[in-house]
Amino acid sequence: MKKISISKALADDIVAASRILAQQGVLDAYGHVSARSDREPSRFVMSRSLAPALVTRKDLMELDADSEPLPGDKRKGFLERYIHGEIYRARPEVMAVVHSHSPSVIPFGVTRTKLRPIYHMGSFLWSGAPVFEIRETRPDNDLLIRDRPLGKALAGRLGKCNCVLMRGHGMTVIGDSVPEAVFRSIYTEMNARLQLQATQLEGPIEFLSDEEGRRSSASNRGTLERPWELWKKDGLRRR
Ligand SMILES: [Zn+2]
């Protein structure tokens with residue numbers, strides 16, 4: 001196992017988050033979770049290229065500010081690790097990032113319908129869920145964020161929001177902790193599903209106002225430990 005600079009507690013959280021998100025259907029064989037190092041803030045830690053349900057502590061890699069492995073680590077990192085590195089660079093307060101191909105959000109990345117907070121668990125979406133159009137940066141592309149310029153463009157589109165949708169690809173969600181990024185990933189998927197259901201009923205849909213979103217997000221922060229404890233227990237049981 002390569003020595004990594006983060007605390008054991010944070011390493012355990014990344015492992016738990018990978019497993020939780022796989023169980024919750026946010027990640028499948030693809031997608032990844034990272035956390036900013038709690039000891040070397042210019043660096044971040046994520047698994048080597050591996051299906052999230054299989055991640056253990058020994059699979060974690062430490063990456064530098066340019067999203068490259070530390071010298072001597074020859075393991076294969078995720079191709080899309082630049083998503084994480086460029087968001088950490090652009091947003092110093094962000095402590096965790098989840099990138100997924102979460103199925104229910106895909107329609108919102110390819111149509112004019114905006115993903116908006118339909119209920120209190122999705123309230124963090126009040127800050128907006130902009131859509132990243134990769135063609136604006138790279139007309140010839142394979143939809144993947146495979147280098148730093150693409151990561152930088154994605155981080156730019158995220159702006160100050162909590163979630164950015166990626167046209168024809170998936171989404172990336174940020175948090176000020178691993179539990180918060182996990183919470184937001186799960187509830188972005190659920191909010192998208194519920195919004196799609198609501199469009200089949202008589203409209204217009206009554207979304208949360210920005211003020212409700214702001215207040216509700218703050219309340220959810222205060223109760224994050226409860227779902228995290230439950231998810232973590234389930235996630236680590238099947239090791
Ligand atoms: Zn992806």
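Numbering of ligands and ligand atoms starts at 1, following listing order. Keep in mind it's a predicted model, so treat the numbers as computed, not measured.
Nearest N, O or S atom of His99 to the Zn ion (ligand 1): atom NE2. Of all N, O or S atoms in His101, the one lying closest to the Zn ion (ligand 1) is NE2. The atom name of the N/O/S atom in Glu80 closest to the Zn ion (ligand 1) is OE1. If you look at His169 and ask which of its N, O or S atoms sits nearest the Zn ion (ligand 1), the answer is NE2.
Of the residues Lys152, Arg81, Arg89, the one that meets the salt bridge (charged side-chain N to carboxylate O under 4.0 Å, His left out) test with Asp66 is Arg89.
The aromatic rings of Phe183 and Phe124 lie perpendicular to each other, with more than 60° between the two planes, well past the 30° mark.
One finds a salt bridge joining Asp147 and Arg138 here, because a Lys/Arg side-chain nitrogen approaches an Asp/Glu carboxylate oxygen to under 4.0 Å.
No more than 12 heavy atoms of other residues, nucleotides or ligands lie within 6.0 Å of CD in Glu229, so this atom counts as exposed by the packing criterion.
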